[in-house]
> 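Below is a structure I'd like to ask you about.
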Amino acid sequence: MALSRFWGWFLIHIALFLSLCYAEDPFVFYDFEVTYITASPLGVPQQVIAINNKFPGPTINSTTNNNVVINVRNKLDESLLMHWSGIQQRRSSWQDGVLGTNCPIPPKWNWTYQFQVKDQVGSFFYFPSLHFQRAAGGFGSFIINNRPIIPIPFDTPDGDIVILIGDWYTRNHTVSEALDAGKGLGMPDGVLINGKGPYRYNDTLVPDGIEYETINVHPGGKTYRLRVHNVGISTSLNFRIQSHNLLLAESEGSYTVQQNYTSLDIHVGQSYSFLLTTDQNASSDYYIVASARFVNESQWKRVTGVAILRYSNSKGKASGPLPDPPQDDFDKTFSMNQARSIRWNVSASGARPNPQGSFRYGSINVTEVYVLRNKPPETIDGKRRATLSGISFVNPATPIRLADQYKIKGVYKLDFPNKPLTGPPKMETSVINGTYRGFMEVILQNNDTKMHTYHMSGYAFFVVGMDYGEWSENSRGTYNKWDGIARSTTQVYPGAWTAILISLDNVGVWNLRTENLDSWYLGQETYVRVVNPEATNKTELPMPDNALFCGALSKLQKPQDVSSSLATSIIEGRSKLFFTVLMIASTLFLVSR
């Protein structure tokens, strides 16, 4: 009897103690083993980058405010960094996984990322950020679900489906050798959907024996959430599903005004959630199509991904021609007007209970303005390079954030110009000096002949305007100051501009880049450095204990004990805490008797 009373007393007290110890947000753990495997998505055997022997990699499934721990074991024969595109890494640019903030993970080493998905919801993806590795795979979906207490602005779907689309070369990441030789990439060999080639809708264009993706659904008006990501290299893709409307609901962490589209242009690096209703008669399967845009489509017919939507009561295979892409050869405004129609749902709750629109970005005074102009690649010091405002970025041997931490001088220059340079282009490690708690306006002026998308780490920015021609101060009169979509990646049409607004409330060093992998590789990027003059852990977390060292600090790097990792230490730490609690509880019981 006394023993049973002890255990009842003990369990109550240990529960109270643990609730205090773990009042912080929950942890989710993932192990990533990154290797090469041989695959033939377009019928040609090639080396691809797999995670846990999967291509594409596994989906990371988390909930708002979770602490995400991902132990990455690099089993490639080259260095590696994993970037979590669209994850804001609040207070911790240390975890962003790009060269400006992290030293690469050497071959055969493991490194553990740990970050909180603070105040975020939505659809994102991850990929290897070094060199041209994304062209060989290594990418996967990253989902942040709403907490149960925060309603989503639509009925709970009957299913949640990830669709990764992207252009693909059978030369994988060695395709960058063409860029090193001063050439362009050339036409892709195809488009993959979830790592698979096209369904054989055309015997001439698609060889026999290609494995294709099939999305299985149930009839009867069921609703499915489709999370579609363009994880490709440099090609904008038009996404459509035969005989079905796509009800747009979310983009990169923001709930949108819900609108139906028969198709939508999805540019490199962008993510969308659509609600699909199974309201057709299933007389046959239906085509899912991702086809190249803003190219000579008659010559690029092979650059088309085709998967199958199959109802469980389908009466036969899909056949016949694909559903048409937009017929806008002579209307360059069609796609831009479609992009402008994507609006923020100001009344919906996002990660917090208050409506998204309670942040009235249109009433905040701008404190700094940057006009970033890109041009077709230029020759600098005998090399073909891509530029932003006349500067082609050179990644330093010592990451910028690490150089700041150890007060290493001469690693970079805090002198990125507010306006494009007027002289000859140059190669520099030039960084934007952002003002903490400032409100920055950035105009992305695309004077290239191809479509570009631009991404900024650490933030969701507001897309407030876009138009053809050269931006001027009068262009501000066209800005949407109420419900412009908040996202991390925006398109800039050739010969056009896009304006974004950024609230600089996240301390760190943040990458601002083109997502077009060829131009990024050739130097079209910079970083925005945001520093709180009053150093405090409340605005930036300390450097992680497992930080890697390279460049000027390489002597600080210790040999790695591959048997240990941060993830292991966290688990061991919790085990020790449990036994400590057990000892304390036992002592308290004896004292209380």
> What closest approach, in Å, do Ser254 and Ala486 show between heavy atoms, and which atom pair accounts for it?
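Scanning both residues completely, I find the closest heavy atoms to be OG-O, 2.6 Å.
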> Quick check: do Tyr272 and Ser123 have side-chain heavy atoms less than 4.5 Å from each other?
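No. Closest side-chain heavy atoms not under 4.5 Å.
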> For a quick check under 3.5 Å, do Thr514 and Ser519 share a side-chain donor-acceptor pair by atom type?
no
> Do Ile143 and Ile60 have side chains that get closer than 4.5 Å, going by heavy atoms?
no
> Side-chain donor-acceptor pair under 3.5 Å between Glu525 and Tyr454, yes or no?
no
> Which pairs with one or both residues in residues 56-138 pass disulfide (SG to SG under 2.5 Å), sequence neighbours excluded?
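Those involving residues 56-138 are Cys103-Cys550.
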> Indicate the ring-plane relationship of Phe32 and Tyr126, choosing parallel, tilted or perpendicular according to the 30° and 60° boundaries.
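The rings of Phe32 and Tyr126 sit tilted, inter-plane angle from 30° to 60°.
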> How many angstroms lie between atom CG of Leu517 and atom OG of Ser176, to the nearest 0.5 angstrom?
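The distance works out to 9.0 Å.
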> Evaluate the side-chain contact (heavy atoms from CB on, under 4.5 Å) criterion for residues Leu372 and Leu512: first the C-alpha distance (whole Å), next the side-chain angles of each, then the deciding distance (0.1 Å), finally the verdict.
CA-CA 10 Å; Leu372 306 183; Leu512 176 56; 3.5 Å; yes
> Does the side-chain contact (heavy atoms from CB on, under 4.5 Å) test come out yes or no for Phe439 and Ile502, once each step is laid out?
CA-CA 6 Å; Phe439 199 61; Ile502 314 164; over 6 Å; no
> Go through the side-chain N and O atoms of His455 and Thr489 and say whether any donor and acceptor fall under 3.5 Å apart.
yes
> Run the ring-ring contact (aromatic ring centres under 6.0 Å, His included) test on Tyr361 and Phe461 for me, step by step, so that the C-alpha distance in whole Å, both residues' side-chain angles and the decisive distance to 0.1 Å come before the verdict.
CA-CA 10 Å; Tyr361 69 86; Phe461 49 68; over 10 Å; no
> So which heavy atom on Leu185 is nearest to which on Ile233, and how close?
CD1-CG2, 3.9 Å
> Check Arg227 with Asp160, please: is the shortest side-chain N to carboxylate O separation under 4.0 Å?
yes
> Would Asn61 and Tyr30 count as having a side-chain donor-acceptor pair, cut-off 3.5 Å?
no
> Please determine whether a side-chain nitrogen of the Lys or Arg among Glu515 and Arg134 lies less than 4.0 Å from a carboxylate oxygen of the Asp or Glu.
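A salt bridge is present here (some side-chain N lies under 4.0 Å from a carboxylate O).
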> Without hydrogens or angle criteria, can the side chains of Asp265 and Ser236 be said to hold a donor-acceptor pair below 3.5 Å?
no
> Under the ring-ring contact (aromatic ring centres under 6.0 Å, His included) rule, what do Tyr113 and Trp84 come out as? Steps first, then yes or no, please.
CA-CA 10 Å; Tyr113 293 87; Trp84 322 98; 5.1 Å; yes
> Return the CG to CE distance between Leu504 and Met440, rounded to the nearest 0.5 Å.
5.0 Å
> Going by heavy atoms in the side chains, are Asn546 and Thr112 under 4.5 Å from each other?
yes
> Show your reasoning for whether ring-ring contact (aromatic ring centres under 6.0 Å, His included) applies to His131 and Tyr521.
CA-CA 6 Å; His131 313 307; Tyr521 181 81; 7.2 Å; no
> Tell me, with the steps shown, if Arg225 and Ser273 meet side-chain hydrogen bond (donor to acceptor under 3.5 Å, both in side chains).
CA-CA 6 Å; Arg225 182 174 183 170; Ser273 282; 3.1 Å; yes
> What distance separates Leu80 CG from Ser129 OG, expressed to the nearest 0.5 Å?
8.0 Å
> Decide, yes or no, whether a salt bridge links Glu177 with Arg171 under the criterion of side-chain N to carboxylate O below 4.0 Å.
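Salt bridge absent between Glu177 and Arg171.
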> Rounded to the nearest 0.5 Å, what separates atom OG1 in Thr526 from atom CG in Leu388?
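One finds 7.5 Å between OG1 of Thr526 and CG of Leu388.
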> Hey, are the side chains of Trp168 and Leu42 touching, using non-hydrogen atoms and a 4.5 Å cut-off?
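The answer is yes, as the side chains (C-beta and beyond) meet within the 4.5 Å cut-off.
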> Looking only at non-hydrogen atoms, find the nearest pair between Ile51 and Gly57 and report the distance.
CB-CA, 4.1 Å
> To the nearest 0.5 Å, what is the distance between CG on Asn511 and CG on Asn395?
8.0 Å
> Could Arg91 and Asp505 be called an ion pair, given the rule that one side-chain N must be under 4.0 Å from one carboxylate O?
no
> Inspect the contact between Glu540 and Arg401 and indicate whether a charged nitrogen and a carboxylate oxygen are less than 4.0 angstrom apart.
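Counted as a salt bridge, because a side-chain N and a carboxylate O are separated by less than 4.0 Å.
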> For the residue pair Asn66 / Asp25, report whether a side-chain donor-acceptor contact shorter than 3.5 Å exists.
no
> Test side-chain contact (heavy atoms from CB on, under 4.5 Å) on Met451 and His267 and set out the steps.
CA-CA 8 Å; Met451 176 74 71; His267 307 280; 3.6 Å; yes
> Taking CZ in Arg352 as the centre, count heavy atoms belonging to other residues, nucleotides or ligands within less than 6.0 Å. Is the count above 12?
no
> Under a plain distance cut-off of 3.5 Å, with no hydrogens placed, do Trp109 and Gln560 share a side-chain donor-acceptor pair?
no
> Test Asp96 against Ser457 for side-chain hydrogen bond (donor to acceptor under 3.5 Å, both in side chains), laying out the working first.
CA-CA 8 Å; Asp96 201 31; Ser457 293; 2.9 Å; yes
> Could you walk me through whether Ile432 and Tyr370 pass side-chain contact (heavy atoms from CB on, under 4.5 Å), step by step?
CA-CA 9 Å; Ile432 292 174; Tyr370 282 84; 3.6 Å; yes
> Quiz question: by atom type and distance under 3.5 Å, do the side chains of Asn345 and Thr256 form a donor-acceptor pair?
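Note: Asn345 and Thr256 side chains miss the donor-acceptor criterion.
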> Is any side-chain heavy atom of Leu179 less than 4.5 Å from a side-chain heavy atom of Leu522?
yes
> Are Glu33 and Asn74 close enough that a side-chain donor and a side-chain acceptor fall under 3.5 Å?
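Side-chain D/A pair, Glu33 to Asn74: absent.
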> How about Phe142 and Ile87: do any of their side-chain heavy atoms sit closer than 4.5 Å?
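A side-chain contact exists here, since the closest heavy-atom pair is under 4.5 Å.
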> How close do Ala136 and Phe55 get, heavy atom to heavy atom, and via which atoms?
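Nearest pair, atom of Ala136 first, then Phe55: O-CE1, 4.3 Å.
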> Between Gln89 and Gln116, does a side-chain hydrogen bond (donor to acceptor under 3.5 Å, both in side chains) hold up when you go through it step by step?
CA-CA 7 Å; Gln89 306 291 358; Gln116 186 177 26; over 6 Å; no
> Return the NZ to CG distance between Lys558 and Leu556, rounded to the nearest 0.5 Å.
9.5 Å
> Return the minimal non-hydrogen interatomic distance between Ser392 and Arg385, and the atom names on each side.
OG-NE, 2.8 Å
> Before we go on, tell me: are the rings of Phe115 and Trp94 under 6.0 Å apart, centre to centre?
no
> Judged by modelled atom types alone, do Gln120 and Thr64 share a side-chain donor-acceptor pair under 3.5 Å?
no
> Do the side-chain N and O atoms of Tyr436 and Glu534 include a donor-acceptor pair separated by under 3.5 angstrom?
no
> Does Trp344 have any ring-ring contact (aromatic ring centres under 6.0 Å, His included) partners at least two apart in sequence or in another chain, and if so, which?
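Partners of Trp344 under the ring-ring contact (aromatic ring centres under 6.0 Å, His included) test: Phe462.
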> For the residue pair Asp404 / Tyr412, report whether a side-chain donor-acceptor contact shorter than 3.5 Å exists.
yes
> If only side-chain N and O atoms count, and only distance matters, is there a donor-acceptor pair under 3.5 Å linking Gln491 with Gln270?
yes
> Counting the benzene-type ring for Trp, do Phe416 and Tyr527 have ring centres under 6.0 Å apart?
no
> Salt bridge check, Glu252 against Arg487: does any charged N sit closer than 4.0 Å to a carboxylate O?
yes
> If I compare all heavy atoms of Trp510 with all of Ser92, which pair ends up nearest, and what's the gap?
CH2-C, 4.1 Å
